[in-house]
Protein chains: 2
Amino acid sequence: MKVSTKGRYALRLMLDLAVYNTGRPISLKDVAKRQQISEKYLEQIISLLNKAGFVRSIRGPQGGYMLTKAPGEYTVGRILRLTEGDLAPVSCVEKDGMECERRQGCVTVRIWEQINEAVNSVVDHITLADMVEWQMEKADQYVI
Amino acid sequence: MKVSTKGRYALRLMLDLAVYNTGRPISLKDVAKRQQISEKYLEQIISLLNKAGFVRSIRGPQGGYMLTKAPGEYTVGRILRLTEGDLAPVSCVEKDGMECERRQGCVTVRIWEQINEAVNSVVDHITLADMVEWQMEKADQYVI
DNA sequence: ACAATTCATATTGAATAAGTCGGAATTAGG
DNA sequence: CCTAATTCCGACTTATTCAATATGAATTGT
């Protein structure tokens, strides 16, 4: 029941791009330094985000990445699902999951469905914009 | 974010013991047959449940296992946590989890906490007795 | 031209998942 | 007491996934 580093890093990566956005591309090197994550690993992760159109890339010196949309447009769910796959606790309740011949008599599936709904209702109602706001509040605390 | 077979099988195993309880021990062979799970693998799983006192074992011929408490006393959460460990989506929000030096500045932790609470509130409010009831309803549907 | 960047693919090492295997210990029934 | 059914125990295996590293090509601002 764990979220892998890939999903967690993706979230921090996207948050970093949102928080440090100045209208100019942000290099992975900077993100890696701030977030203390291997730059090489971030490359793999942002590649997914790039192909999915969540960010756009600018190559060459002074290049980097930028969000393609406003932070409020990215739910945590969309970011996590892109990197982690379906968040369902078992494959038989996934959106495009495997079908199971035991399904009709299976009682545990109700539990998995409820867990699935509970998780989704959390991640689909939090956006990057919320997280940026939290970040600002944190920052305020330390400035005072 | 998946529950492993170990946790899923443990749940079905406990449910089987609850549903087919007649006051006499139930052998793993029978459970394995009904649930279509490897008997050898079930041995490993029930060993955990046994050591935790969730079931008690009777050895020898006509031996097997029995629940030690009423089905209503077992929450899904307790069964899953025994086999899966803490259900938290990241270790830093586990009950006895690792501490993280990034913690104070970390914003994503709020998300993991909310997911954790959402999952716990599902699994800690469903008991084996509920599942037995669901099973009965299912059975009724097919008898009619 | 150079250096900073992204892009693409392959490889690695460790851990975990999901069992299987072989046999020892216990005990009810004949 | 013997036998067979059962639990109990630990080692082993096989495949997959995780979490990166490594290598180098392609692009482009200065």
Side-chain angles (χ1 to χ4, degrees), chain A residues 1-13 16-17 24-33 35-68 80 83-87 89-91 98 100, chain B residues 1-13 16-17 20 24-33 35-68 80 83-87 89-91 98:
Chain A
M1 283 293 281
K2 291 284 181 281
V3 173
S4 73
T5 56
K6 203 192 278 188
R8 304 198 317 259
Y9 291 174
L11 218 46
R12 283 164 58 190
L13 171 51
D16 193 278
L17 294 182
R24 291 187 315 183
I26 298 172
S27 75
L28 276 195
K29 194 163 75 168
D30 290 348
V31 177
K33 207 172 296 170
Q35 298 295 328
Q36 303 173 79
I37 301 172
S38 146
E39 186 181 344
K40 273 298 182 188
Y41 196 20
L42 279 181
E43 281 185 11
Q44 287 181 34
I45 294 167
I46 202 142
S47 162
L48 293 172
L49 296 163
N50 194 11
K51 281 170 185 158
F54 287 24
V55 300
R56 84 185 159 87
S57 66
I58 296 93
R59 300 177 71 157
Q62 319 306 324
Y65 299 90
M66 299 177 67
L67 299 183
T68 53
L80 286 181
T83 45
E84 296 278 309
D86 199 312
L87 301 177
V90 297
S91 59
M98 298 191 315
C100 169
Chain B
M1 282 293 281
K2 291 286 181 280
V3 173
S4 74
T5 57
K6 202 190 278 187
R8 302 195 322 257
Y9 291 173
L11 218 46
R12 284 165 57 190
L13 171 50
D16 193 277
L17 294 183
Y20 294 98
R24 291 187 314 182
I26 298 172
S27 75
L28 275 194
K29 195 163 74 167
D30 290 348
V31 177
K33 208 174 295 170
Q35 298 295 328
Q36 305 173 80
I37 300 173
S38 148
E39 187 182 341
K40 273 299 187 185
Y41 196 19
L42 280 182
E43 281 183 12
Q44 284 183 35
I45 294 167
I46 202 142
S47 163
L48 293 172
L49 296 163
N50 194 10
K51 281 169 186 160
F54 287 25
V55 300
R56 82 186 161 89
S57 66
I58 296 94
R59 299 177 73 159
Q62 319 308 321
Y65 299 90
M66 298 179 66
L67 298 184
T68 54
L80 287 182
T83 46
E84 296 279 308
D86 200 310
L87 301 177
V90 299
S91 58
M98 299 193 312

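What's counted below: heavy atoms across the whole structure, side chains too, no hydrogens, waters or symmetry copies. All values derive from a computational prediction rather than experimental measurement. Throughout, a chain's letter reflects where its sequence line sits, starting with A, and its residues are numbered from 1.
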A:Thr5-A:Tyr41 side chain donor-acceptor pair, cut-off 3.5 Å: yes
In whole Å, what is the span from the [atom1] atom of [X] to the [atom2] atom of [N]?
X       : N      : atom1 : atom2 : value
B:Met66 : D:dT6  : CE    : P     : 16 Å
B:Leu13 : C:dA18 : CG    : C1'   : 16 Å
B:Ile45 : C:dG19 : CD1   : P     : 8 Å
A:Glu84 : D:dA19 : CD    : C1'   : 12 Å
A:Arg12 : D:dA19 : CZ    : P     : 13 Å
B:Arg8  : C:dA17 : CZ    : C1'   : 11 Å
A:Tyr41 : C:dT12 : OH    : C1'   : 14 Å
B:Gln44 : D:dC9  : CD    : P     : 13 Å

A:Arg8 CZ to A:Lys2 NZ distance, which is reported to the nearest 0.5 Å: 9.5 Å
Inter-residue atom distance A:Leu11.CG - A:Leu80.CG, 0.5 Å rounding: 5.0 Å
Worked check of side chain to side chain contact (heavy atoms under 4.5 Å, CB included) between A:Leu28 and A:Tyr65: CA-CA 8 Å; A:Leu28 276 195; A:Tyr65 299 90; 3.6 Å; yes
Within the pair [X] and [N], is there a side-chain N or O less than 4.0 Å away from OP1 or OP2?
X       : N      : value
A:Ser4  : D:dC18 : no
A:Ser38 : D:dT21 : yes
B:Thr5  : C:dA17 : no
A:Tyr9  : D:dA20 : yes

Main-chain N/O of A:Ala32 paired to A:Glu39 side chain as donor or acceptor, under 3.5 Å: no
Verdict with supporting geometry, B:Met66 and B:Val55, side chain to side chain contact (heavy atoms under 4.5 Å, CB included): CA-CA 5 Å; B:Met66 298 179 66; B:Val55 300; over 6 Å; no
Side chain to side chain, A:Ile58 and A:Arg24, heavy atoms closer than 4.5 Å: no
Each nucleotide N or O in nucleotides 1-7 of chain C that has a protein N or O under 3.5 Å away: list the pair and distance.
residue	atom	partner	partner atom	Å
C:dT5	OP2	A:Lys29	NZ	3.3
C:dT6	OP1	A:Leu28	N	2.9
C:dT6	O2	A:Arg59	NH2	3.3
C:dC7	OP1	A:Asn50	ND2	3.3
C:dC7	OP1	A:Ser57	OG	2.4
C:dC7	OP2	A:Asn50	ND2	3.4
C:dC7	OP2	A:Tyr65	OH	2.7
C:dC7	N4	A:Glu43	OE1	3.0
C:dC7	N4	A:Glu43	OE2	3.3

